[in-house]
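Given the structure is predicted, the values throughout are model-derived calculations rather than measurements. Here is the naming used below: chain letters follow the sequence lines, and residue numbers restart at 1 for every chain.
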Amino acid sequence: MTLYMPLFRSCSNLRSLTQLHAHLVVSGFLKGPLASTKLIESYAQMGSLKSSRLVFDTFPSPDSFMWGVLMKSYLWNHFFEEVVLLYHNMIYHQAHIGSFVYPSVLRASSGICDLGIGRKIHGRIVKSGFDADTVIETSLLGIYGELGCLDDARKLFDEMGERDVVCWSSIVSSYIENGRAREGLEMFRCMLSEGIKPDWVIMLSIAEACANVGSLMLAKSIHGHAIVNEMMSDNGNFNSSLIFMYSQCGSLSSAERIFLNLPDRSTSSWTSMISSYNQNECFQEAVDTFLGMQESKVEPNAVTMLSVLGSCARLENFQSFTQAQRFDVESFGPMYGTGMFSENSNVYELQSEASNSIWNKSIPV
DNA sequence: CTAGGGTTAG
């Protein structure tokens, strides 16, 4: 029955998946929901949503899980309206709405900035008793935060029974994203005092908050904490955040030092350095770094272009400007960082005791 | 019962 499951993993392209699909049809396996659901998911992962939909539409009575997978598929591809539509279809067809449906539809409604539908979903969540589910609550909290309803987000958060690092991360980043970095940091301090250990994801937000408030002391303690907890290695995105953080806290040289010591520079680390220069009005350095990026054959993304074009404009450097213009900004797609930082972090010789003492007291801002 | 939540573009 589930013998064919490993076959899905071996399908590396659309062609082989289509072959597997054909095989499943012939052998009759597609009559079961399991194979169909897996097929829907696999097609979506390969970007063929149409095929996903075809499998779904030809299945006589999709279960809640299959609905959910289809919604998740649309979500991946940013078809938010379609996700919400599917949710309404579920209600219309009186399909059972399983708990895993809610995170998808909530994310979709924040994607289209529809607070109204979000509140309606909230109501249904409470009615069906899913409001005790940490994951669903975190999703809800996220949509309120994202749509600027910080009070609602906070209220939900305060009423949550169990708070793990993920939901703390959600409330903290909500504050930061809404321009209230200090309160975000204050919440983060509460989290620490409750004994919750920060992971690199929340530290990403904290670095952002630090960039906003511009405290070099906090920047150093974040950096120190990251080194002690080995967050620097293997994480190009995190290093990029630190680069920008330092540059916003008045230490462009620290930013440069991190950047220069990266063994492998990803799009995001180059971009971070370029926008750091740009923000510090070192326009020539920004352009030079961009040229260095081109030499290293690292692909720029839309954010890279935004920064370097800004610098070009300020330099009135139209030669670089036209060079930069050659890139098709629309075609950049998802901005995945691939650069990995594996060197031991002693390079910076930050005194970790000093950093940690800051950590345990209050956050200097 | 599956899995579903927090990241980031300056």
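In this structure, the nucleotide among B/dG5, B/dG10, B/dT7 sitting nearest to the side chain of A/Asp164 is B/dG5. Checking B/dG5, B/dG4, B/dT7 against the side-chain heavy atoms of A/Ser139 singles out B/dG5 as nearest. Checked against B/dG5, B/dA3, B/dG10, the side chain of A/Ser99 finds its nearest nucleotide in B/dA3. The listed nucleotides are B/dG10, B/dT2, B/dA9; the one nearest the side chain of A/Ser275 is B/dG10. Side chain of A/Leu306, nearest nucleotide from B/dG5, B/dG10, B/dT7: B/dG10. For A/Lys72, the side-chain atoms get nearest to B/dA3 when compared with the rest of B/dA3, B/dG5, B/dG6. Nearest nucleotide to the side chain of A/Gln279, out of B/dT7, B/dT2, B/dG10: B/dG10.
If you take CG on A/Asn278 and OG1 on A/Thr271, they are separated by 12.0 Å, rounding to the nearest 0.5 Å.
For an aromatic pair to be called close, the ring centres must be under 6.0 Å apart, and A/Phe188 with A/Trp168 fails this.
Between A/Ser205 and B/dT8, a side-chain N or O to OP1/OP2 separation shorter than 4.0 Å is present.
Looking at A/Asn278, its side chain has no donor and acceptor atom pair within 3.5 Å of the base of B/dG10. Remark: the A/Thr138 side chain and the B/dG5 base include a donor-acceptor N/O pair separated by less than 3.5 Å. In the interface, the side chain of A/Asn237 is not paired with the base of B/dT7 through any donor and acceptor atom under 3.5 Å apart.
Classification of the A/His93-A/Trp67 ring pair by plane angle, with boundaries at 30° and 60°, yields tilted.
A distance cut-off of 5.5 Å between ring centres, combined with a plane angle under 30°, leaves A/Trp168 outside any stacking arrangement with the base of B/dG6.
Heavy-atom contacts from other residues, nucleotides or ligands closer than 6.0 Å to CD of A/Gln94 number 12 or fewer.
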